[in-house]
Each structure stands twice: as structure tokens, then as C-alpha cells.
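First listed ligand is number 1; within each ligand, the first listed atom is number 1.
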Amino acid sequence: MIGIRICGTGSYLPDNVVTNEAFTAFLDTSDEWIRTRTGIVSRHIADSDTTWSMGAKAAQRALTDANCAPEEIDLLLATSVTPDYYTPSISCVVQGEIGAKNAACIDLNCACAGFVYALDMARRYLACDDVNKVLIVSSERLSGISDYEDRSTCVLFGDGAGACVVEAADALYAFDMGADGTGAHLMFGRHVLHRSPFSKAPFVPNKILENPSKDHVLYMDGHKVYKFATQAMPLSVENACKKAGLSPEALDWIIPHQANVRIVQTAMKRLGLPMEKAWLSIDHCGNTSSASIPMALDELAHSGKLHRGQTIAVTGFGAGLTYAGAVFAY
Ligand code: ACO
């Protein structure tokens with residue numbers, strides 16, 4: 001199986017840091033509750049930044065890190081659940097902004113598993129001779145869809161972007177990914193489309209819309225998503241390791257989706273791995289959906305602790321429900 005090489009990484013966080021304490025001004029919550037139940041201490045919330053502008057900044061940093069000119073990119077994959085527009089795609093807007101004029105552009109919406117899906121898609125394109133460099137950009141502005149009247153969800157989310165440049169390599173790579181659409185109603189945010197003058201039938205909610213949600217904002221059944229996450233995360237890593245012919249102990253680093261530190265602790269326990277092998281950024285970033293893994297990867301790559309040749313597992317889960325894990329050599 002052809003592998004990948006991460007040539008460079010980059011990330012961007014908005015300047016505005018919002019502490020747990022800031023939520024107590026308008027919600028019945030506390031720093032103690034949020035910290036102990038989730039591991040989150042603060043998160044960055046966008047002010048003037050948009051999803052595409054954060055993505056473009058992270059992309060530029062990844063290109064610089066990879067010593068790669070924008071024109072060298074053949075394919076730009078963008079992941080987000082919070083795009084600025086229905087159309088055009090974020091990938092097209094970012095492509096125009098950074099001058100990656102030779103790149104084809106595709107957007108993926110696989111929620112918090114989006115980066116891992118994109119990584120695997122990149123690898124498959126790279127396996128063909130005509131794509132040599134892929135830029136993955138994951139950007140999220142979850143503050144724009146969070147329900148600030150719902151204390152069980154709004155305290156979890158933050159904004160930010162992560163990116164990386166990927167090329168093909170003769171190196172270790174294995175993946176495991178999938179979805180369970182029967183869980184679509186457990187987490188969703190609805191596009192509210194206007195009704196045309198030609199629509200006469202009364203509005204009929206579908207299965208998803210029967211949930212007690214408000215329009216425009218994110219709904220989540222935290223307990224059920226938690227249960228799914230604690231099973232899907234370790235399983236995706238185990239399955240990818242199996243395909244790679246590795247035992248999980250051989251992994252040097254796990255970069256999990258940063259949703260809740262307790263989910264990561266349970267997953268690491270199931271894998272029989274110490275927490276020191278998991279790279280966490282949730283304390284200062286919160287949950288940034290598909291951006292969380294590439295942002296954490298960028299932090300780890302620039303921490304001095306990650307070395308070429310080490311084996312990494314990335315694993316994500318999210319709305320859909322989706323899950324994905326990949327194991328590769330850095
Ligand atoms: N502050 C204070 N109390 C709160 C808060 C808050 N912010 N939120 C909920 N509570 C209360 C609840 O109302 C409940 O009170 P009650 O007992 O009087 O009814 C109590 O705290 C316990 O609530 P639980 O829901 O049992 O708390 P739990 O420990 O399960 O944590 C959480 C909730 C953090 C949402 C957890 O279920 C979770 O992390 N779920 C998974 C979330 C996730 O991973 N989502 C992302 C997936 S997709 C993506 O990343 C975009």
C-alpha cells in the first residue's frame with residue numbers, strides 16, 4: 001500500500017481567547033464543571049475571521065513549513081462543517097486566496113472525522129501519477145452555529161484551522177473508516193432554506209428535524225455521541241494497526257479528535273496505551289471539529305517531540321455519525 005509523507009503543517013487560531021469563566025456571565029455553569037467534565041480551560045472564538053480566511057492562513061503556514069510554492073499543489077481538499085457559503089466551496093476560495101492556481105478543489109463534510117477522511121483521499125489521489133502534492137485545509141468557525149443558550153454544547157466548541165501538505169512516500173500507511181447514518185439525528189445543524197413561491201405543501205419535518213432543536217444552531221445528544229466515540233476511536237486505531245501489521249504499543253503518538261479529554265482517556269485505556277502518547281490541545285482550543293487533528297498535529301510537529309520515522313495514529317469521530325483512523329510514518 002502506498003504511503004504518505006507530511007511535508008509541512010500549519011495552523012491558525014483567532015486572537016480572541018474565551019475562558020470558561022466568561023460563560024458564567026450568561027449561563028448557569030462554572031469553570032470547575034467544564035474543566036473536570038471536558039478538559040477544556042479556554043478556546044479561541046473568531047471575531048472578524050471567517051472559515052475561509054482562517055483556512056487560508058493555516059494553508060499559507062503549511063506551505064511555508066513544507067517549503068512548497070502554492071503553484072506546486074495539484075489538489076486542495078478542504079474540510080468543514082461550518083462553511084461560509086453554500087457555494088462556492090471553501091477549497092475554491094482558499095485556492096484563490098493563496099494562489100494555488102494549479103490545484104483542483106474539493107470540499108468534504110465528514111464532521112470531526114473530516115481531516116482523516118481527507119488524508120486518506122489525498123493518499124488515493126497521490127497513488128496516481130498525475131497528482132504529486134495535496135494541500136489539506138481544515139477550518140471551522142463553530143461559534144457561528146453554537147447555541148449559546150445550551151450550556152451542554154456551547155462551552156465545548158472553539159474556532160480555528162489546521163493544514164498540511166502531503167506527498168506520496170514508500171512508507172507505512174493503513175486506515176479504517178466508516179459511518180453510521182442511523183445516528184444522523186444525534187448531532188446536527190440545519191441549513192434553513194427559504195420556501196419558493198411555488199411550494200404549497202405544509203412543511204413536514206424529517207427524522208432528523210423531529211429533535212427539539214432550534215433552527216441555525218447545533219444540536220447534540222452528548223451521552224449517545226460520547227458512547228459512540230469511546231467505541232469508535234479505539235476500534236478505528238486497532239483496525240488500522242491490524243491492517244498495518246502493528247500492535248498499538250508500536251505507536252509513538254496518537255493524535256485524537258479533541259472533543260473531551262475523558263473520551264481520550266477511555267480510548268487510550270481500551271488501547272492499553274499511556275496518556276503520555278496522546279497529544280492534547282483541547283485545554284486551550286476546545287473542540288474545533290475537523291480542524292482539531294491537523295491543529296494538534298501542527299503543535300506536535302513544532303514541539304520538538306515528534307521525529308521523522310515515528311509512527312502516528314490519527315483518529316476522529318463526529319456527526320453523521322462518522323469515524324476514521326489512520327496510521328502512518330511521520
Ligand atoms: N455547566 C454546568 N452543568 C452542566 C453543563 C455546563 N456547561 N452542561 C451540562 N450540565 C449539567 C447537566 O444539565 C446535568 O445536570 P442534571 O444532572 O441536573 O440533569 C449534569 O450537568 C450532567 O450532565 P451530563 O450530560 O451527564 O454530563 P456529562 O458528564 O455526560 O458531560 C458532555 C456532557 C461534556 C457533553 C459529554 O456528554 C460529552 O463530551 N459528549 C460527547 C461530546 C462530543 O464529543 N461531541 C462532539 C462530537 S462531534 C464534533 O466534535 C463536532
Side-chain angles (χ1 to χ4, degrees), residues 18-43 51 79-83 108-117 138-162 179-181 183-190 208 212-213 217-234 236 255-267 280-283 285-296 314-324:
V18 174
T19 61
N20 292 341
E21 199 59 38
F23 286 86
T24 63
F26 56 94
L27 284 176
D28 179 15
T29 188
S30 64
D31 174 54
E32 205 260 335
W33 192 97
I34 302 169
R35 211 181 268 256
T36 53
R37 295 292 182 113
T38 70
I40 299 167
V41 177
S42 62
R43 73 289 289 143
T51 304
T79 74
S80 188
V81 294
T82 48
L108 283 80
N109 180 343
C110 311
C112 309
F115 174 77
V116 187
Y117 265 77
S138 301
S139 184
E140 301 284 5
R141 196 177 187 280
L142 288 154
S143 61
I145 59 167
S146 296
D147 179 356
Y148 285 96
E149 292 176 348
D150 178 4
R151 66 180 182 171
S152 67
T153 54
C154 70
V155 299
L156 306 175
F157 300 112
D159 301 330
D180 176 7
H185 59 293
L186 298 177
M187 185 167 186
F188 65 90
R190 178 161 94 88
I208 290 183
S213 171
V217 289
L218 203 60
Y219 167 85
M220 179 175 73
D221 182 333
H223 280 274
K224 292 206 174 116
V225 175
Y226 191 99
K227 202 170 159 213
F228 171 74
T230 50
Q231 286 162 357
M233 277 177 89
S236 70
I255 305 177
H257 170 45
Q258 315 276 322
N260 186 323
V261 76
R262 291 186 297 142
I263 294 175
V264 180
Q265 283 162 347
T266 307
L280 294 175
S281 59
I282 188 167
D283 59 333
C285 294
N287 179 345
T288 55
S289 190
S290 73
S292 86
I293 294 175
M295 276 170 29
V314 286
T315 170
F317 65 91
L321 300 168
T322 55
Y323 66 89

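Applying the 4.0 Å criterion to heavy atoms of G318 picks out, from ligand 1, the atoms 48 (S). Set against the non-hydrogen atoms of R262, the atoms of ligand 1 under 4.0 Å away are 28 (P), 29 (O), 31 (O). Close approach to F317 involves these atoms of ligand 1, each under 4.0 Å from a residue heavy atom: 44 (O), 47 (C). With ligand atoms numbered from 1 in the order given, ligand 1 contributes 1 (N), 2 (C) to contacts under 4.0 Å with heavy atoms of D28. Within the listing of ligand 1, atoms 49 (C), 50 (O) sit less than 4.0 angstrom from a heavy atom of H257. Of all the atoms in ligand 1, the ones that sit under 4.0 Å from a non-hydrogen atom of M187 are 47 (C), 48 (S), 49 (C), 51 (C). For ligand 1, the atoms sitting less than 4.0 Å from at least one non-hydrogen atom of A259 are 44 (O), numbered in the order shown with element in parentheses.
Looking at Y226, F157, W33 and measuring to atom 20 (C) of ligand 1, the nearest heavy atom belongs to W33. Looking at N20, N260, T29, it is T29 that brings a heavy atom closest to atom 6 (C) of ligand 1. Nearest-heavy-atom check against atom 27 (O) of ligand 1 across Q258, R151, R37 picks out R37.
Between the R43 side chain and the V18 main chain, a donor and an acceptor come within less than 3.5 Å of each other. At least one donor-acceptor pair under 3.5 Å links the side chain of D159 to the backbone N or O of L142. Between the side chain of S80 and the main chain of T82, a donor-acceptor pair closer than 3.5 Å is present. At distances below 3.5 Å, at least one donor-acceptor pair connects side-chain atoms of E140 with backbone N or O atoms of V81. Formation of a donor-acceptor pair under 3.5 Å by the T230 side chain with backbone atoms of T266 is not found in this model. At distances below 3.5 Å, not a single donor-acceptor pair connects side-chain atoms of T79 with backbone N or O atoms of L108.
Distances from atom 39 (O) of ligand 1 to the protein include at least one heavy-atom value under 4.0 Å. Distance screen at 4.0 Å: atom 32 (C) of ligand 1 has no protein heavy-atom neighbour inside the cut-off. Note that atom 14 (C) of ligand 1 has no protein non-hydrogen atoms nearby, at separations under 4.0 angstrom. Under the 4.0 Å distance rule, the nearest protein heavy atom to atom 18 (O) of ligand 1 falls outside the cut-off.
Geometrically, ligand 1 and T38 share no nitrogen or oxygen pair separated by less than 3.5 Å.
Nearest to atom 43 (C) of ligand 1 among the protein's heavy atoms is M220 SD, 3.8 Å. Looking at atom 26 (O) of ligand 1, its nearest protein heavy atom turns out to be H223 NE2, 3.0 Å. Atom 46 (C) of ligand 1 has as its closest protein heavy atom N287 ND2, 3.5 Å. Ranking protein heavy atoms by distance to atom 51 (C) of ligand 1, first place goes to C112 SG, 2.7 Å. When hydrogens are left out, the protein atom nearest atom 41 (C) of ligand 1 is G222 O, 3.5 Å; that is the closest non-hydrogen contact.
At a 4.0 Å heavy-atom cut-off, ligand 1 does not touch L27 at all. Using a 4.0 Å cut-off between heavy atoms, S152 contacts ligand 1 through both its backbone and its side chain.
Qualifying ring pair (Phe, Tyr, Trp, His ring centres under 6.0 Å) partners for F115, counting only residues two or more places apart in sequence or in other chains: none. Partners of F23 according to the ring pair (Phe, Tyr, Trp, His ring centres under 6.0 Å) rule, which considers only residues two or more places apart in sequence or in another chain, are F26.
Using a 4.5 Å heavy-atom cutoff, the side chains of I34 and D31 are not in contact. Side-chain contact between C285 and M295 is present, with heavy atoms from C-beta onward closer than 4.5 Å. By the 4.5 Å heavy-atom criterion applied to side chains, L186 and F228 are not counted as neighbours.
Residues N20 and S42 share a closest heavy-atom pair of OD1-N, 4.3 Å. Of all the heavy atoms in A291 and A161, the pair that sits closest is CB-CA, 4.0 Å.
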